[in-house]
*Asks:* 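The following block contains the structure, expressed as structure tokens.
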There are 2 protein chains.
Amino acid sequence: MHNELHTINITVSALIDLLKAPPILADFENIELRALASLQVDERRVQADGTIINQGERIRSIHLVQSGWGCVYRDLSNGERQVLDFPMRSDFVGLRTAAGRSYNTVAAITPMTVFEVPLCSLANAIQQAPKLSFILIELFARQRSLLIEHLTNVGCRSALVRTAHLLLELGDRAKACGMGDDKGFDCPITQYQLADALGLTPIHLNRMVRELREEGLLMFKNSRVDYLNRKALIALAEYDGEFMHMSVFDKTMSYSGAPLQS
Amino acid sequence: MHNELHTINITVSALIDLLKAPPILADFENIELRALASLQVDERRVQADGTIINQGERIRSIHLVQSGWGCVYRDLSNGERQVLDFPMRSDFVGLRTAAGRSYNTVAAITPMTVFEVPLCSLANAIQQAPKLSFILIELFARQRSLLIEHLTNVGCRSALVRTAHLLLELGDRAKACGMGDDKGFDCPITQYQLADALGLTPIHLNRMVRELREEGLLMFKNSRVDYLNRKALIALAEYDGEFMHMSVFDKTMSYSGAPLQS
DNA sequence: CGTCTACTTGAACGGGGTCAACGAGTGTGG
DNA sequence: CCACACTCGTTGACCCCGTTCAAGTAGACG
């Protein structure tokens, strides 16, 4: 695409491709492309079990995942931890939440590559092309949807149902960025990590996985999730994948029903 | 303040005052004030138990609370519900999350007044004054912090601890907008609503409240929370109010350490 | 005075946790 | 080559936190 801008940096170009692809589906005009061209982007590679952001660390940039699976969690002083999300391709992590510091850790489960954009550079780009802020807002809104779903999971769904629900969600997200289909997906998450995300003990999570298998609904083995009976699974979990579609703005970057003035 | 703009609409002026007050503390220059002046804002009054947004409803505007207490929740088909937050002054609600529709209901607990800003008008203002987007991003980041804290509550804190934690959080938020102090705050939330937020039954929540009272930590009676021993309560809950301070940007609306070009 | 809704308490039940092993796969060093 | 360590997964038995069911109190409002 963007052949209209031959001078563009190769890393920025990869970032633009990522933003244009599903599930973000950004649709840029020249003004946004020009602003992005001046963006300061680093491609950072993180090995498995490496950390991208440490709890308590000062945050000066935002990260967008290009490949690999991550794990965002919060450590408590009593040794417990709560996994907040498992970010993958197209997910962003890292905007600081409190007093300039991150209140959660972002670790890599598999090797990851992430685009790292300094906040000051991002702010400059937004001032050049304000519509770029809409993408960030979309990403925030989507992330909020995911958090709400996870809160609903641990707050009022039974262990079995919430396990099914999360494994459906992760499959849909993987599928949305081309890493799986309705049959299943490669899932590098350990049962310990899944348990921490669902507010369960690994022992009990294991029992739930076994039950889902014995009911002929789902298979979770060798870092692979296979849906044996997706329909029944969706019914059990009362799952509705709509919740994570991005749609504060429509794809032409105007508010639906009321196009923006350019 | 803004006496430099005599033509300004009185509702917009009230909105600006709200944005400048704690905890948002926005610091506007003329360009932002001019963009805000053209903003289409309605002041909407909602009576107690009225709803601002219904689950499944189409969303075309964003709401900022001026006064009163609200309750954001998600209904499940099995009759359960998860309360996501209790918004109060300075909190925003209502940016749609999925397929153009809201996946949660926003109801008023007390009578509320909210500023309603159509998304298209907001988008126009941001295009005139891009820094306005930073405020929205701040609000999103803060809301994410709150959701993360609520998820951590139900995911890995005991019933007693999470009750203490939420009542400390709500007190701090009330205090931040001038509706309480370190002694306590007026809390119109029923024990049923609190229970739904904490993933507990009202019966068990009641026992936890009783235990907190018997331990001499906290009193919750007649829509009023009084901290009897705030220090011990904070220690019990391992509470750290920092998590909800807004600080993606500093108060001069530039990224800390790297001022924006104007 | 009756009927709400919010709150309160007791007693019994059960979902999920805890504790304790064991199995399987993988990598490391002798 | 095997022993060893280590992490992830698996299973069983027991127990406890929080639920469920049932009932009753207190205040608000007609």
Side-chain angles (χ1 to χ4, degrees), chain A residues 47-49 69 71 76 78-83 86 107-110 153-167 186-214 218-226 236, chain B residues 47-49 69 71 76 78-83 86 107 109-110 153-167 186-214 218-225 236:
Chain A
Q47 59 190 3
D49 296 325
W69 288 71
C71 177
L76 298 190
N78 63 9
E80 290 259 5
R81 72 172 193 169
Q82 177 65 43
V83 170
F86 299 105
I109 292 180
T110 66
N153 260 349
V154 297
C156 49
R157 290 200 255 250
S158 72
L160 188 72
V161 170
R162 78 178 88 154
T163 303
H165 202 281
L166 183 59
L167 290 176
D186 292 322
C187 178
I189 302 171
T190 69
Q191 292 193 3
Y192 289 89
Q193 291 161 337
L194 264 186
D196 280 342
L198 293 171
L200 299 173
T201 55
I203 294 118
H204 199 64
L205 177 80
N206 183 279
R207 286 194 275 251
M208 296 302 100
V209 170
R210 192 210 321 178
E211 191 169 335
L212 289 172
R213 178 175 9 96
E214 286 171 355
L218 177 147
M219 192 90 171
F220 183 16
K221 204 158 186 78
N222 297 122
S223 299
R224 167 90 198 161
V225 169
D226 283 298
L236 169 72
Chain B
Q47 59 190 2
D49 296 323
W69 288 70
C71 177
L76 298 190
N78 63 9
E80 291 258 5
R81 71 172 195 170
Q82 177 65 42
V83 170
F86 299 105
I109 292 179
T110 66
N153 261 349
V154 296
C156 50
R157 292 200 255 249
S158 71
L160 188 72
V161 170
R162 79 178 88 152
T163 303
H165 202 282
L166 183 58
L167 290 177
D186 291 322
C187 179
I189 303 170
T190 69
Q191 292 192 5
Y192 289 87
Q193 291 161 337
L194 263 185
D196 280 341
L198 292 171
L200 299 173
T201 55
I203 295 117
H204 199 61
L205 176 81
N206 183 276
R207 285 195 273 258
M208 296 301 101
V209 170
R210 192 212 320 180
E211 190 168 336
L212 289 172
R213 175 172 17 92
E214 285 171 356
L218 177 146
M219 193 89 170
F220 183 17
K221 206 159 185 75
N222 295 122
S223 299
R224 166 88 198 164
V225 169
L236 169 73

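Note that these values count all heavy atoms, side chains included, but never hydrogens, waters or copies made by symmetry. Residue numbers begin at 1 in each chain, while the letters A, B, ... track the order of the sequences.
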*Asks:* With respect to the side chain of A:N206, which nucleotide from D:dG18, D:dT10, C:dG16 is positioned closest?
*Replies:* D:dT10

*Asks:* C:dA6 phosphate, OP1 or OP2: any side-chain N/O from B:Q193 under 4.0 angstrom?
*Replies:* no

*Asks:* Side chain of A:L200 only, please: which of D:dG9, D:dG18, C:dG17 is the nearest?
*Replies:*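 Among D:dG9, D:dG18, C:dG17, the one nearest the side chain of A:L200 is C:dG17.
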
*Asks:* Got A:L236 and A:L212 here, is their nearest side-chain heavy-atom distance under 4.5 Å?
*Replies:* yes

*Asks:* Look at the side-chain N and O atoms of B:Q191 and state whether any lies under 4.0 Å from the OP1 or OP2 oxygen of C:dT8.
*Replies:*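 Indeed, a polar side-chain atom of B:Q191 lies that close.
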
*Asks:* Taking atom CG of B:L194 and atom CG of B:L200, what is their separation to the nearest 0.5 Å?
*Replies:* 9.5 Å

*Asks:* Nearest to the side chain of B:I203, heavy atoms from C-beta on, is which of D:dC8, D:dT20, D:dG12?
*Replies:*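 My answer, after comparing the listed nucleotides, is D:dT20.
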
*Asks:* C:dT9, OP1 or OP2 - any side-chain N/O from B:R210 closer than 4.0 Å?
*Replies:*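 Answer yes for this pair, as a side-chain N or O of B:R210 is under 4.0 Å from OP1 or OP2.
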
*Asks:* Would you kindly give the CD-to-C1' distance between B:E211 and D:dG18, to the nearest whole Å?
*Replies:* 12 Å

*Asks:* Within the modelled atom types, does a donor on one side and an acceptor on the other bring the side chain of A:R207 and the base of C:dG15 under 3.5 Å apart?
*Replies:* no

*Asks:* Hey, is the side chain of B:T201 poking within less than 4.0 Å of OP1 or OP2 on D:dT19, counting only N and O atoms?
*Replies:*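 For B:T201, the contact criterion (side-chain N or O under 4.0 Å from OP1 or OP2 of D:dT19) is met.
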
*Asks:* Given side chains that start at C-beta, do those of A:I203 and A:R207 come closer than 4.5 Å, heavy atoms only?
*Replies:*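 A side-chain contact under 4.5 Å exists here.
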
*Asks:* Under 4.0 Å: is that the gap between some side-chain N or O of B:K221 and OP1 or OP2 of D:dG27?
*Replies:* no

*Asks:* Over all heavy atoms of both residues, which pair between A:A197 and A:Q82 is shortest? Give the atoms and the distance, please.
*Replies:*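 That closest heavy-atom pairing would be O-NE2, 3.2 Å.
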
